[in-house]
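This report concerns only the one structure given below.
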Amino acid sequence: MTLSAAETARYQRHLSLAEIGAAGQEKLKRARVLVIGAGGLGSPSSLYLAAAGVGTLGVVDCDRVDVSNLQRQVLFDTGSIDRSKAEAAQERLRALNPEINVIAHAVELLASNVREILTDYDVVLDGTDRMATRFLVNDACVILRKPLVSAAIHRFEGQAMTYVPGRGPCYRCLFPEPPAAGTVPSCAEAGVLGVLPGVLGAIQATEAIKLIVGAGEPLIGRLLTYDALDMRFQEFEFTRRADCAVCGDQPTITGPRDTVELCNPEVVSRVRRLAPAELESLINGAVPEQITIIDVREPGEFAVSYLPGARNIPIGELARRLGEVPAGTTAIFICRSGARSLTACAIAVNAGIVAPAHLEGGLLAW
């Protein structure tokens, strides 16, 4: 593959960099990058990747442009309101660089379609604001062996990290399970500084370009954080967990799966939340057959300490092993801090189990 005269003129500043040059620019031209989420993070990252000459750029987003998006989502303008984000992004990116191919995926990313969508791409950027999607993307990238650049923003702060198969830890090594619904406010609830995603999105684009051309050191095993108010960057190193559910030595997540979020009021109303003292009373006062305690932590965690009589069914296996819960008993789910047990309750409710319970605060509270 060679660069045309028009491309040579467009990318002249890249060609002048020894770390990129003509060979690196041709790698960018051949590259296929998927940006998940055309919002605050996806806007700057996709604009810079298009400008950099990434040959095929995919954009996944099922939402439509809202006027409240325009404060930070620089892909769009006032005329974009009510349009499909993926399609409006496609038009804008093609206008920026007609030399590249832009593919709009105006769909919700789910376990049922994530393999098909990710398969044809070389690098994935996750800029979604949904925790369930973030974990789905991480798991799919690990399983499909796709490099992933992940970022997140909140109020005045942001973070970024990079996963490369076989070279370092994944997102679940740092955050094993999604937090319980309602514990992490959305941008709409907490607010976000409009320029903040521009900083993190540019970092994501930088990481993707480095991975493609083979220059520099990516954020592998390093969580980069940014505080806009203090104008301070910090870095925290972390390592691969041998017990990670998806990239560990004995993974329990072997295929993409949708995370059931406990946000539906109907689901919430059917979950019983037990304080440690209440669970203790049930254990000491109930006939043993009337309750079944299910510890949804990983086997390595369970081996260290557990409640007497508890059964270990890791959260990743729960959906297919709910038949092991004895009929006629109350299912009580527990974990380390209460996040995974809430997710387990949502899975149980959706599977038809009546009034499951979970230990508030988990074993830490116990």
Side-chain angles (χ1 to χ4, degrees), residues 111-112 131-132 135-136 139 172 176-183 241 243-246 248-366:
S112 59
M131 294 300 296
F135 279 84
L136 172 65
D139 298 349
R172 274 194 191 269
E177 291 292 333
T183 61
R241 293 169 52 118
D243 63 347
C244 176
V246 68
D249 296 340
Q250 296 180 314
T252 55
I253 300 174
T254 56
R257 68 184 192 193
D258 294 318
T259 299
V260 182
E261 293 184 299
L262 196 67
C263 56
N264 186 318
E266 182 182 351
V267 173
V268 173
S269 67
R270 294 167 62 185
V271 174
R272 182 180 177 188
R273 299 171 181 243
L274 298 175
E278 292 177 290
L279 178 58
E280 184 179 33
S281 296
L282 285 174
I283 292 173
N284 294 333
V287 177
E289 288 75 16
Q290 291 181 338
I291 64 172
T292 300
I293 300 175
I294 303 165
D295 191 319
V296 297
R297 295 175 299 158
E298 297 303 308
E301 297 174 277
F302 184 78
V304 174
S305 64
Y306 55 88
L307 293 184
R311 305 183 181 203
N312 183 214
I313 304 179
I315 189 72
E317 302 176 14
L318 184 62
R320 62 181 174 82
R321 293 180 58 185
L322 279 173
E324 297 178 23
V325 180
T329 66
T330 298
I332 301 175
F333 297 98
I334 63 173
C335 65
R336 181 176 181 271
S337 61
R340 282 175 280 183
S341 59
L342 264 178
T343 300
C345 285
I347 293 172
V349 167
N350 282 278
I353 290 181
V354 178
H358 95 111
L359 174 61
E360 287 272 78
L363 291 172
L364 291 178
W366 176 269

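Note that the structure is predicted; figures quoted are calculated from it, not measured.
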Hey, are the side chains of [X] and [Y] touching, using non-hydrogen atoms and a 4.5 Å cut-off?
X	Y	value
I294	V325	yes
R172	D139	yes
V349	V354	no
T329	I291	no
T254	V246	no
R272	C345	no
T292	P326	yes
D249	D243	no

In terms of heavy-atom contacts, A344 and L318 come closest through CB-CD2, 3.4 Å
Inter-residue atom distance I353.CD1 - F333.CZ, 0.5 Å rounding
5.0 Å
How long is the straight-line distance from CG of L322 back to CD of E317, given to the nearest 0.5 Å?
11.5 Å
Inspect the surroundings of CD in E278 and state if more than 12 heavy atoms from other residues, nucleotides or ligands are less than 6.0 Å away.
yes
Which donor-acceptor pairs under 3.5 Å do the side chains of residues 358-366 make with protein atoms, sequence neighbours left out?
residue, atom, partner, partner atom, Å
H358, ND1, S341, OG, 2.8
H358, NE2, E360, OE1, 2.9

Enumerate donor-acceptor pairs with a distance under 3.5 Å from any side-chain N or O in residues 300-316 to protein atoms, sequence neighbours excluded.
residue, atom, partner, partner atom, Å
E301, OE1, E298, N, 3.0
E301, OE1, R340, NH1, 2.9
E301, OE2, R340, NH2, 3.0
R311, NH1, E324, O, 3.0
N312, ND2, D295, O, 3.0
N312, ND2, R297, O, 3.0

